[in-house]
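The figures that follow rest on heavy atoms only: side chains count, while hydrogens, waters and symmetry mates do not. Throughout, a chain's letter reflects where its sequence line sits, starting with A, and its residues are numbered from 1.
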Amino acid sequence: MQDWEVVIGLEIHAQLTTQTKIFSGSSIAYGAEPNTQANLLDLGMPGQLPVLNKAVIPKAIRFGLAIGANIGRRSVFDRKNYFYPDLPKGYQTSQFSYPIVEDGGSLEIEVEGETRRIGITRAHLEEDAGKSIHDAFPGMTGVDLNRAGTPLLEIVSEPDMRSAQEAVAYARKMHELVQFLDICDGNMQEGSFRVDSNVSIHKPGTPFGTRAELKNINSFRFIEQAIEFEVARQIEILESGGEVVQETRLYDPERNETRSMREKEEANDYRYFPCPDLLPVVIEQADIEREAEAMPELPDAKRARYQQNWGLSEDDAQVLTASRAMSDYFETLVDLTGEAKKAANWLMGDLSKALNQAGLRIDQSPVTAKMLAGLMARVDDGTISGKMAKQVFSAMWDGEGHADEVIEAKGLKQITDEGAITEMVDQVLADHPDQVAAYQGGQEKMLGFFVGQVMKASKGQANPAQVNAVLKARLAQS
Amino acid sequence: MAIEKKDVTAIARLAALSVEEEEIGQVAGKLNHILDVLQTMQSVETDGVEPMSHPLDQVQRLREDTVTETNQRDRYQRIAPAAEKGLYLVPQVIEQV
């Protein structure tokens with residue numbers, strides 16, 4: 001029997017990083033008290049007119065250019081009509097026939113060493129809805145409209161993905177891209193980046209099958225699991241002679257299954273029409289050129305540069321570009337120290353470990369790139385050893401000040417005085433005549449033992465390289 | 001294309017309007033009258049005419065991305081039929097899960 005082919009298209013909602021809503025001057029700061037950031041327009045009160053936020057346009061253009069799409073020089077807002085309490089106007093303002101980012105865009109993904117290009121149908125501007133709270137009040141639903149009117153860019157892919165792995169690779173790549181473009185903070189927990197997956201199966205060479213939509217899954221791992229489950233479910237239905245129903249399904253990560261939302265019939269008739277309250281948005285060539293010039297370096301280019309110019313491995317380059325914040329931190333550190341490899345080691349070593357343990361993002365690190373550069377400078381000039389540096393780092397992490405302050409306060413200065421080191425070396429050699437004899441008898445690995453003893457005698461403060469050199473010289477003499 | 005009774009019922013449901021059974025025929029007639037007018041307009045030659053998305057021949061005005069609104073929740077909620085713990089309350093919506 002011929003195998004089923006999986007067909008996946010994704011719709012991604014990226015919340016744009018603005019101060020205010022798309023059509024009103026209300027703040028969109030996350031986590032505010034309910035309805036304290038919802039004005040009369042956001043509440044859908046009559047007599048209020050929307051005025052478009054200037055900041056969303058350059059962000060949409062930048063995105064369009066980054067994926068190589070045509071920019072809609074004249075885009076139009078439409079009303080998408082449906083009833084739900086968290087949408088008090090009775091329609092969502094969106095773009096339908098004339099989106100701001102038109103066709104022609106794509107994104108390259110890599111899965112198991114194979115590169116594929118995924119088409120992007122379009123991307124349009126729209127407003128978010130509010131939030132409904134269902135279980136808190138007997139017989140009533142609570143509505144918080146703080147989120148209503150938050151600016152979103154909805155990015156619609158072609159049905160070009162053929163496996164859950166490809167879908168996740170595309171979603172991750174998009175997640176990375178919008179952050180590097182500085183148009184979305186990518187925070188999935190706060191709902192700033194939401195992925196809906198359209199999944200169907202068919203036999204190659206036959207028309208696409210009926211699709212199910214998996215909505216609002218907020219982790220990449222769950223997206224993969226949800227698609228895997230959904231594909232297996234559809235195969236089972238079709239192979240037992242059934243039919244897949246077009247519907248929205250919710251993924252339950254605890255049971256690892258998708259469940260039908262049992263939508264009402266006709267629920268998908270949105271009766272779009274141009275919004276009479278908003279005029280067409282016109283983009284001039286100059287607006288596009290301005291964004292093209294200001295285009296930041298994108299992740300793929302960064303990775304190539306890290307490998308070519310700084311000799312980092314592909315894996316390291318990948319880790320260091322995991323987020324815009326990460327690569328910003330790294331590049332600042334390299335600028336300050338001129339040491340790409342060492343900077344990379346700090347970032348992927350002690351810093352990442354500390355961040356993971358504290359559950360912090362790199363832009364929340366108590367040790368800034370500048371502070372870390374200060375510490376690296378003290379290792380570089382021999383003031384402290386690499387081992388001491390780790391100690392200084394954790395003190396800096398705990399808020400005990402800059403590297404120099406910590407070194408001073410803890411008396412961590414490395415002993416580099418030749419005379420003092422020679423004195424300690426001589427003492428150690430005098431205390432261990434048997435080991436000296438063994439070394440001179442050819443057991444050169446005894447050197448490590450002597451280094452250890454000297455370091456112990458110096459309470460770890462002697463410069464290990466110097467200790468080594470002095471030891472070798474003294475052992476050769478005696 | 002003529003509108004039938006079942007179309008009226010469907011449109012009314014989408015628009016959340018309640019149309020009495022005996023009114024349906026009348027409403028269908030009115031809607032068909034509107035469609036007749038559109039039919040006349042359809043016969044006009046429009047090849048090469050740019051579709052107009054708005055009757056005003058102007059482009060969208062833009063607003064600076066600066067917070068201009070202050071918290072007026074208490075005033076707004078005073079005129080709401082029901083509000084509690086800062087939330088607007090509406091009759092229970094059955095979550096379709």
Side-chain angles (χ1 to χ4, degrees), chain A residues 18-20 23-27 29 32-40 42-43 45 51-57 74 76-78 81-85 88 90 97-98 132-134 136-145 250 259 261-264 266 269 271 274 276 278-282, chain B residues 1 3-4 6-19 31 34-35 38 49-97:
Chain A
T18 56
Q19 299 300 310
T20 63
F23 298 121
S24 86
S26 301
S27 169
E33 283 289 302
N35 292 307
T36 54
Q37 297 176 163
N39 76 351
L40 290 172
D42 310 323
L43 298 182
M45 296 301 264
V51 187
L52 183 61
N53 184 343
K54 208 178 199 170
V56 302
I57 296 171
R74 185 184 167 86
V76 175
F77 284 101
D78 296 277
N81 299 282
Y82 66 92
F83 286 109
Y84 207 72
S97 302
Y98 302 95
S132 300
I133 291 131
H134 295 286
F137 308 93
M140 303 291 264
T141 292
V143 181
D144 176 6
L145 295 167
L250 280 188
R259 283 199 301 272
M261 281 182 72
R262 287 196 296 275
E263 281 184 299
K264 277 176 275 172
E266 300 167 41
D269 187 348
R271 295 150 293 139
L278 288 158
L279 291 154
V281 177
V282 171
Chain B
M1 188 191 91
I3 287 193
E4 293 171 34
K6 68 171 170 43
D7 300 319
V8 174
T9 312
I11 296 166
R13 185 162 51 228
L14 285 171
L17 291 175
S18 116
V19 181
L31 291 176
I34 295 171
L35 286 186
L38 293 176
V49 178
E50 281 264 314
M52 196 167 65
S53 55
H54 200 281
L56 294 180
D57 189 20
Q58 288 172 12
V59 299
Q60 181 58 40
R61 264 187 56 215
L62 301 173
R63 175 176 61 75
E64 290 297 330
D65 182 26
T66 316
V67 177
T68 53
E69 296 296 317
T70 52
N71 175 18
Q72 304 283 338
R73 183 175 77 180
D74 291 346
R75 294 178 63 202
Y76 299 155
Q77 295 202 335
R78 226 171 287 152
I79 56 164
E84 212 178 304
K85 292 182 182 157
L87 298 163
Y88 294 94
L89 296 189
V90 298
Q92 180 92 61
V93 182
I94 308 299
E95 240 327 46
Q96 290 151 11
V97 179

task = Specify which of A/P34, A/S97, A/P88 makes the most heavy-atom pairs with chain B at under 4.5 Å.
result = A/P34
task = Output all residues satisfying ring pair (Phe, Tyr, Trp, His ring centres under 6.0 Å) with A/F23, sequence neighbours left out; order by chain, then residue number.
result = A/F77
ask   = Short question: side chain of B/Q60, backbone of A/L279 - any donor-acceptor pair under 3.5 Å?
value = yes
query = Pick from B/V67, B/D74, B/T70, B/T68: which one has the most heavy-atom pairs with chain A under 4.5 Å?
reply =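 Highest number of pairs under 4.5 Å: B/V67.
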inquiry  = Quick check: closest heavy atoms across A/P85 and B/V90, and the distance to 0.1 Å?
reply    = CB-CG2, 3.7 Å
Heavy-atom check, side chain of A/I57 versus side chain of B/L62, under 4.5 Å = yes
inquiry  = Is the shortest side-chain heavy-atom distance between B/L87 and A/F137 below 4.5 Å?
reply    =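 Yes, their side chains come closer than 4.5 Å.
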Flag, side chain of B/H54 to backbone of A/P276, donor-acceptor distance under 3.5 Å = yes
Largest heavy-atom contact set with chain B, pairs under 4.5 Å, which of A/L278, A/V281, A/V282 =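 Greatest number of close heavy-atom pairs with chain B: A/L278.
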ask   = For B/A83, is it the side chain, the backbone, both or neither that has a heavy atom under 4.5 Å from a heavy atom of chain A?
value =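 Looking at B/A83, nothing touches chain A.
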key: Flag side-chain contact, heavy atom, 4.5 Å: B/Q77 against A/N35   =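 Yes. Closest side-chain heavy atoms under 4.5 Å.
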inquiry  = If we count only N and O atoms by modelled type, under 3.5 Å, do the side chains of B/D65 and A/T20 hold a donor and an acceptor together?
reply    = yes
key: Part of A/E33 lying under 4.5 Å from any heavy atom of chain B   = both
ask   = Non-hydrogen atoms of chain B under 4.5 Å away: do they reach the side chain of A/V76, the backbone, both or neither?
value =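 For A/V76, the side chain is the part near chain B, not the backbone.
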ask   = How long is the span from the CG atom in A/L43 to the CD atom in B/Q72, to the nearest 0.5 Å?
value =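 Interatomic distance, A/L43 CG to B/Q72 CD, rounded to 0.5 Å: 11.0 Å.
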key: From CD (A/Q37) to CZ (B/R73), nearest 0.5 Å   = 11.0 Å
task = Check A/G142 against B/L89 and note the closest heavy-atom contact, atom names and distance.
result =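 In this case the closest contact between A/G142 and B/L89 is CA-CD2, 3.6 Å.
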Chain B contact via A/I133 - side chain, backbone, both or neither, heavy atoms under 4.5 Å =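 Interface part for A/I133: side chain.
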ask   = Of the listed residues (B/A82, B/A15, B/P55), which shares the most heavy-atom pairs with chain A below a 4.5 Å separation?
value = B/A15
inquiry  = If I measure from the heavy atoms of chain A, does B/Y76 come under 4.5 Å with its side chain, its backbone, both, or neither?
reply    =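 When you check distances to chain A, only side chain atoms of B/Y76 fall under 4.5 Å.
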ask   = Under 3.5 Å, is there a donor-acceptor pair linking the side chains of A/S24 and B/R63?
value = no
key: Contacting moiety of B/E84, where chain A heavy atoms sit under 4.5 Å   =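 Backbone plus side chain of B/E84, per the 4.5 Å heavy-atom cut-off to chain A.
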query = Looking at A/V143, A/D144, A/L145, which has the largest count of heavy-atom pairs under 4.5 Å with chain B?
reply =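 Max contact count across the listed options: A/V143.
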query = chain B heavy atoms under 4.5 Å from A/A38: which part of the residue, side chain, backbone, both or neither?
reply = backbone
ask   = Looking at side-chain heavy atoms only, is the closest gap between A/K54 and B/E64 below 4.5 Å?
value = yes
